[in-house]
Structures are given as structure tokens and as C-alpha cells.
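Take a look at the structure below.
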Amino acid sequence: MKQVMSNKWVIALYLFPALLLIGVLIFIPLILTGYYGMMDWDGIGAMEFIGLENYVDAIQDEKFWDSALHSFLLAVFSTLSLIIYLAISLILASKIKGADLLRKIYLIPMLLSSVAIAQLWIKVYNPSNGMLNNILMKLGVEDPPAWLAEPSVVLYAIFIPILWQYAGFYILIYYAALKNIPESLVEAAKIDGATAFQIAYKIKLPLIMGVVKVTIVLAVVGSLKYFDLIYVMTGGGPNGASEVMASYMYKLAFSSNDFGYGSAIGFLLLIITLVVTVIVRNITAAKEEIQY
């Protein structure tokens, strides 16, 4: 058996189906997206090769850079929210009463589709009879904002349901990492007189830092390509105030029938995401991992 598995041809045979699937579903579409970006095409009729014109136009497109800024803001907020998720995970992992129930509650948003979550928060943000504005008026706010209609607040209003949607995912990752820490280390720290904060900051956090770095990459990459909930709630409006790169690409390709330009935007989104991913991974790379 060892001789068979050490044969390069056998290894190649086992890898071929997976590589074929990855090539068909990932690499070929990426190559085609870059190719379509060099075409003047409405998605149906004949294509006309125009070289890098779409890419040059995209780089000079203010709306594209505005949408990129919104995507980067979402990435920043998503990264900062990891601090809250980590704090919640530390509390849940400290054997508090009702921790099992709380973990299940935090996972509920993950069970809902993005469309359902969008519809739920549209009702919450309703300016006339929404729950949020009703609470604000009872607290004495006479003229609460129309959250999804005012350009100055709509972007941040959308960030809240997005962060709420993925809270359970990150809390579950952190909780699993924390539960893998040997209890003997925590008990030894308690015997030495360490406080709960010191145990969390100086023992638990360094031991799960590798997991934290992975979640930072996931949060940043996921934010840059985020689309569905924003499109359902606002469609990128009002007047592009909540537009992100993915929704801008969708509008160009499928609403404006400018498939070539939309493909160019999509390919630039891929390049930007790859560059940011490499930068984030280099920043969070650890010179030495703590073992336990």
C-alpha cells in the first residue's frame, strides 16, 4: 500500500478530480471574467474587443472608488467587531450560568437567509412604525432619522445587521478555540493570584492568537465581497450612499446591461481582495507561535 501511495502517478490520479473541479468552478470563471472585461458587450449580443478601456474607465470612475471606500469601511467595522465577539466568547467560556443557551441564541442569525434578515431589519428601521424609531421617540427623540433613506446614516445602519448576522459564526470559532486551552493552565494562573482579566489577556488571548488572525482575514475578505443583504435592503441607495463594490458590479452588468464594464469591475474587485488579503496576512503573520 505504501508503494502504491508513494507513486506520483497514483497521487496525481487522486488529485485530478479535485483539481478539475477547482479549475472548472473557480479558475476558468476568473479567467473569463478578466477576458470579458476587455469587451464591449451587453451580455447577449456580439462582443467587441476594446482592450483595457473598461479597466482604465473603472480606475477613473469615482462611483467605483466610492463603493470601494464603503467596502473598506465595512471591513474596518467587521474587524473591530471581532473584539466584541471575542469578549463574548471569553465570557461564555468562563462557565457562566446559561452559557449553553446563550450560544444557541447567538447562532440564530446564521440559520436565517440574508433575504430574511434584510426584511427583518427593514421593518426595524421603518421610519414611521419601526421598532427602533418607536423606542427613540419614547426616549424623547422628537425627529428620529429615516435610517435607510438618509445618505449620512444609511451605510452605518446597514453595517449593524451585517455584523449581527455573522456574530454567531465568529463567537463559535472563538469559543471552540478557548475550550481547547488546557484547564490546568487556567487553574495554575488562579493559584498564582491572577485575576480573570489577567487570565483572559495574558494567557487565553495569546494562546488563540492564531485563530484570531485567521478570523481577521475572513472578516476583511468577506466584507470586501459582501453583496446580498445590502442589495436587498437598499440596492446601494440612496444615490449610491450604501453602494459597495459587489453591488456596483451587479448593477453595471445586470441592470445597465454593460456586461463588459461590470466584468472589469468584478476582476478589479478580485485583484483588490487578493492584494488586501496578502497585506493583512503579512501584518498578522506571527514570528513565533505560542504552544501549549
Side-chain angles (χ1 to χ4, degrees), residues 1-39 41 43-44 47 49 51-52 54-55 58-59 64 67-68 71-72 74-75 78-79 82 110-115 162 165-166 168-170 172-174 176-177 210-231 244-254 258-286 289:
M1 185 64 180
K2 291 183 178 180
Q3 291 180 348
V4 174
M5 295 306 297
S6 62
N7 189 308
K8 294 181 180 180
W9 291 105
V10 174
I11 296 174
L13 182 63
Y14 277 105
L15 291 177
F16 178 74
L19 293 176
L20 179 63
L21 192 63
I22 292 173
V24 171
L25 298 180
I26 298 178
F27 289 108
I28 292 178
L30 291 179
I31 294 171
L32 289 176
T33 300
Y35 172 72
Y36 293 149
M38 294 186 288
M39 301 291 171
W41 186 34
I44 300 175
M47 294 186 290
F49 182 79
L52 299 177
N54 283 329
Y55 293 98
I59 293 174
F64 170 68
S67 66
S71 294
F72 279 108
L74 176 58
S78 297
T79 304
L82 296 179
M110 292 180 59
L111 305 178
L112 303 176
S113 69
S114 294
V115 175
I162 294 174
Q165 179 183 13
Y166 288 99
F169 173 73
Y170 291 109
L172 184 62
I173 292 176
Y174 291 147
V211 175
V212 173
K213 292 172 182 177
V214 171
T215 57
I216 291 174
V217 175
L218 291 175
V220 171
V221 173
S223 300
L224 292 179
K225 64 185 184 63
Y226 200 83
F227 166 74
D228 45 5
L229 188 143
I230 292 176
Y231 187 79
V244 292
M245 287 188 286
S247 63
Y248 187 52
M249 173 193 69
Y250 180 88
K251 278 186 177 181
L252 289 170
F254 298 102
D258 196 346
F259 204 85
Y261 192 36
S263 297
I265 296 291
F267 199 72
L268 288 176
L269 171 58
L270 168 66
I271 294 174
I272 291 173
T273 304
L274 288 175
V275 171
V276 172
T277 301
V278 172
I279 294 173
V280 172
R281 284 182 62 86
N282 288 335
I283 292 174
T284 60
E289 292 290 340

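A quick note: this is a predicted structure, and the numbers were derived from the prediction, not measured.
In this structure, the side chains of V220 and T79 come closer than 4.5 Å at one or more pairs of heavy atoms. The closest side-chain heavy-atom distance from V244 to Y226 is not below 4.5 Å.
If you take CE on M245 and NZ on K225, they are separated by 11.5 Å, rounding to the nearest 0.5 Å. Atoms CE and OH, from M110 and Y170 in turn, are 10.0 Å apart once rounded to the nearest 0.5 Å. The structure places OG of S78 at 7.0 Å from CD1 of I162, a figure rounded to the nearest 0.5 Å. L268 contributes atom CG, which lies 6.0 Å from atom CD1 of I272 (distance to the nearest 0.5 angstrom). Distance OG1/T277 to CG/L218: 9.5 Å, rounded to 0.5 Å. Rounded to the nearest 0.5 Å, atoms CZ (F16) and CG (L21) are 11.0 Å apart.
Around atom CZ of F27, no more than 12 heavy atoms belonging to other residues, nucleotides or ligands sit under 6.0 Å away.
Exactly one of V214, V211, V212 qualifies for a side chain to side chain contact (heavy atoms under 4.5 Å, CB included) with I173. That residue is V211.
S263 and Y36 get closest at one heavy-atom pair: OG-CB, 3.5 Å. What you find for L269 and T273 is that their closest heavy atoms are O-OG1, 2.7 Å. Listed here is the closest heavy atom pair of F267 and T33: N-CG2, 4.0 Å. Here the shortest heavy-atom pairing between L229 and S114 reads CD1-O, 4.2 Å.
In this structure, N54 contributes its side chain and M39 its backbone to a donor-acceptor pair below 3.5 Å.
Ring geometry, Y250 versus F227: the interplanar angle falls from 30° to 60°, so the pair is classed tilted. Note on ring orientation: taking the six-membered ring where Trp is involved, the planes of F254 and F259 are perpendicular (angle over 60°, cut-offs 30° and 60°).
By the side-chain hydrogen bond (donor to acceptor under 3.5 Å, both in side chains) test, S67 is found to be paired with no residue, residues two or more places apart in sequence or in another chain being considered.
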